[in-house]
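Just below is one structure, and these are the notes that go with it.
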Amino acid sequence: MIEELFDQMSKGNLLLIDMTYDMFNGMQTYIGDPPFKHEYFRKGNKYGEVTLSTVYMGLHSGTHIDLPLHFVPNGESVEKFNIIQFIGYGNVLDLSYKKLGEPISSNDLKKFDDKIKENYVVMLYTGFSATRGKEDFLYNWPYLDSNGADYLVSKKIRAVGIESMSIAGWAGKEYPPRTNWDEVVYVHHKLLSNGIIILESVNNMKKVLEECKNGEALFFYAPLKIVGAEGGPTRLFAICEKR
C-alpha cells in the first residue's frame, strides 16, 4: 500500500505540493524577531573537502508551526508531540475576498461550515502571499479574530494555517495596528490551549485550492525535534488527488 502511494506520486497521479517558503539571508521576519542568517562555517572547494553551514534564526522564521508553549505557560513543547500529530487531512478555504488588514471572523468561517470538520486541517487562503517581499507583508495581513478562533475551537479542528507571519493581527507600534495585544494573546492561547496547532507563513495555498480535488489534501508539517522548543520551521507539503 505504501509502495503504491509512492508510485502514484512518482507518476504524477497524485499531486505533491510544496507549501514551504525558501529561507535566505535578508528574508522578511516578524518585526522584533531575530533575523535569519545562514553562513558557511567551512566551504569545500575541491574533492576531499567538506562544506558545513551554520544557521542563526528565530524558530518562527519562514514557514513554521506554533505549539502550546509559545503562548500557554508550561504548555507542551516539540518533543512532547507524537509524530502523527504533525500529519492531518483537511482543506483550503477560499477567503480571497478579504482585504488587507481585515479580520477573518466567525461569520466568514460559517460560510464553510460543511467543510470545517472535526480533526481537519483548515487552511485560510486570502491571497495575501502575493504581498511577500513588500511592506504590507510585515503588518497588513487578513487575520483570525477572537470570535473566529472561538468558532474553530468549537469545530474541534486539528490545525489551522494562514499565509501571514502570524495567525492574529498586527498589534505593534512600527506600523498602524490592526488589532490589540490582548486579542493577539487570546487568539493564540485559545487555539493552542485547545490542541489546535497553528501553521504560519504557508505558501501555495492557491495551488492546493485550484489543483486538488475539492481543495482537499493530506498535509505534513513536522518541525525539527528540538527539546524545549515552542514551535519551529517546517517543510510543509501536501499530497492530494487531482481535480
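Worth knowing before you read on, the calculation uses all heavy atoms, side chains too, and leaves out hydrogens, waters and symmetry mates.
For the pair S166 and E200, the tightest heavy-atom approach, listed with the atom from each and the gap, is CA-OE2, 3.3 Å. Contact detail for A238 and M19: the closest heavy-atom pair is CB-SD, 3.8 Å. Closest of all the heavy-atom pairs between M27 and M23 is SD-CA, 3.6 Å. Contact detail for P35 and T29: the closest heavy-atom pair is CA-OG1, 4.3 Å.
Rounding to the nearest 0.5 Å places CG of L16 at 13.0 Å from CD of Q8. Note that the OG atom of S61 and the CE atom of M165 stand 10.0 Å from one another [nearest 0.5 Å]. To the nearest 0.5 Å, atoms NZ (K190) and CG (D150) are separated by 5.0 Å. In this structure, the separation between CG on L144 and CG on L109 is 6.5 Å, given to the nearest 0.5 Å. Note: F24 CZ to F36 CZ = 9.0 Å, rounded to the nearest 0.5 Å. Between the OG atom of S105 and the OH atom of Y143 there is a distance of 10.0 Å, given to the nearest 0.5 Å.
When the side chains of ILVMFWY residues are joined at heavy-atom separations under 4.5 Å, either directly or via intervening members, V208 and I239 end up in two distinct hydrophobic clusters. There is no path of hydrophobic side-chain contacts, each under 4.5 Å, that joins L59 to I65. Under the 4.5 Å side-chain heavy-atom criterion for ILVMFWY residues, no single connected hydrophobic cluster contains both L14 and L209. Hydrophobic clustering (ILVMFWY, side-chain heavy atoms < 4.5 Å, transitive): V72 and V153 are in one cluster. Transitive grouping of hydrophobic side chains (ILVMFWY, heavy atoms separated by less than 4.5 Å) brings I196 and L95 into a common cluster.
In this structure, V160 and L199 have side chains that are not in contact, with every pair of non-hydrogen atoms separated by 4.5 Å or more. Side-chain contact check for I198 versus L192: some heavy-atom pair is nearer than 4.5 Å. Side-chain contact between T131 and L100 is present, with heavy atoms from C-beta onward closer than 4.5 Å. Side-chain contact between D108 and Y97 is present, with heavy atoms from C-beta onward closer than 4.5 Å. Between V92 and Y125, the closest side-chain pair of non-hydrogen atoms falls below 4.5 Å. At a threshold of 4.5 Å between non-hydrogen side-chain atoms, the residues V187 and I167 count as touching. Annotation: side chain of L69 is not in contact with side chain of N74 (no heavy-atom distance under 4.5 Å). Counting heavy atoms from C-beta on, the side chains of E4 and M9 never come closer than 4.5 Å.
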Task: Test log, rule side chain to side chain contact (heavy atoms under 4.5 Å, CB included), inputs L236 and N203 - done: CA-CA 9 Å; L236 169 62; N203 193 17; over 6 Å; no
Open item on the list: Between V78 and I226, is the side chain to side chain contact (heavy atoms under 4.5 Å, CB included) condition met? List the steps.
Closed with: CA-CA 6 Å; V78 169; I226 301 173; 5.6 Å; no
Task: Evaluation steps, side chain to side chain contact (heavy atoms under 4.5 Å, CB included), between I31 and L138 - done: CA-CA 7 Å; I31 295 173; L138 294 172; 4.3 Å; yes
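Counting non-hydrogen atoms of neighbouring residues, nucleotides and ligands closer than 6.0 angstrom, the NZ atom of K206 reaches no more than 12 such neighbours. When the shell of 6.0 Å around CD of E3 is examined, it contains 12 or fewer heavy atoms from other residues, nucleotides or ligands. For K111, the NZ atom sits in a packed shell: over 12 heavy atoms of surrounding residues, nucleotides or ligands are nearer than 6.0 Å.
A donor-acceptor contact shorter than 3.5 Å links the side chain of H188 to the backbone of V184. At distances below 3.5 Å, not a single donor-acceptor pair connects side-chain atoms of E102 with backbone N or O atoms of P142. Between the Q85 side chain and the N82 main chain, a donor and an acceptor come within less than 3.5 Å of each other.
For Y21, there are no ring pair (Phe, Tyr, Trp, His ring centres under 6.0 Å) partners, not counting sequence neighbours. In this view, H60 and H64, H70 satisfy the ring pair (Phe, Tyr, Trp, His ring centres under 6.0 Å) rule, not counting sequence neighbours. Contacts of F81 classified as ring pair (Phe, Tyr, Trp, His ring centres under 6.0 Å), with partners at least two apart in sequence or in another chain: F86. For Y175, the ring pair (Phe, Tyr, Trp, His ring centres under 6.0 Å) partners at least two apart in sequence or on another chain are Y139.
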Distance-only donor-acceptor hits, side chain of residues 39-50, under 3.5 Å, sequence neighbours excluded:
{"from": "E49", "atom 1": "OE1", "to": "N45", "atom 2": "N", "distance (Å)": "2.9"}
{"from": "E49", "atom 1": "OE1", "to": "K46", "atom 2": "N", "distance (Å)": "3.4"}

Under 3.5 Å donor-acceptor pairs involving side-chain atoms of residues 115-123, not counting sequence neighbours:
{"from": "N119", "atom 1": "OD1", "to": "R158", "atom 2": "NH1", "distance (Å)": "2.9"}

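Evaluated for a side-chain hydrogen bond (donor to acceptor under 3.5 Å, both in side chains) with Y151, the options D145, N107, D113 yield exactly one hit, D113.
For the residue pair T126 and E163, a side-chain donor N or O sits within less than 3.5 Å of a side-chain acceptor on the partner. Side chain to side chain, S53 and H38 meet the donor-acceptor criterion of an N or O pair below 3.5 Å. Using a 3.5 Å distance cut-off with no hydrogens or angles, the side chains of S77 and E79 do pair a donor with an acceptor. Looking only at atom types and distance, the side chain of S106 has a donor-acceptor partner in the side chain of N147 under 3.5 Å away.
Annotation: disulfide bond (SG atoms under 2.5 Å apart) contacts involving residues 145-243, sequence neighbours excluded, comprise C212-C240. Within the structure, the disulfide bond (SG atoms under 2.5 Å apart) test picks out no pair touching residues 93-161 (sequence neighbours left out). Note on residues 133-169: no pairs pass disulfide bond (SG atoms under 2.5 Å apart), not counting sequence neighbours. For residues 153-183, no pair satisfies disulfide bond (SG atoms under 2.5 Å apart), with sequence neighbours left out. Note on residues 208-240: pairs passing ring pair (Phe, Tyr, Trp, His ring centres under 6.0 Å), not counting sequence neighbours, are F220-F237. Every pair passing side-chain hydrogen bond (donor to acceptor under 3.5 Å, both in side chains) that includes a residue from residues 231-243 is listed here, sequence neighbours excluded: D18-R235.
Separation of the Y186 and W181 ring centroids does not fall under the 6.0 Å cut-off.
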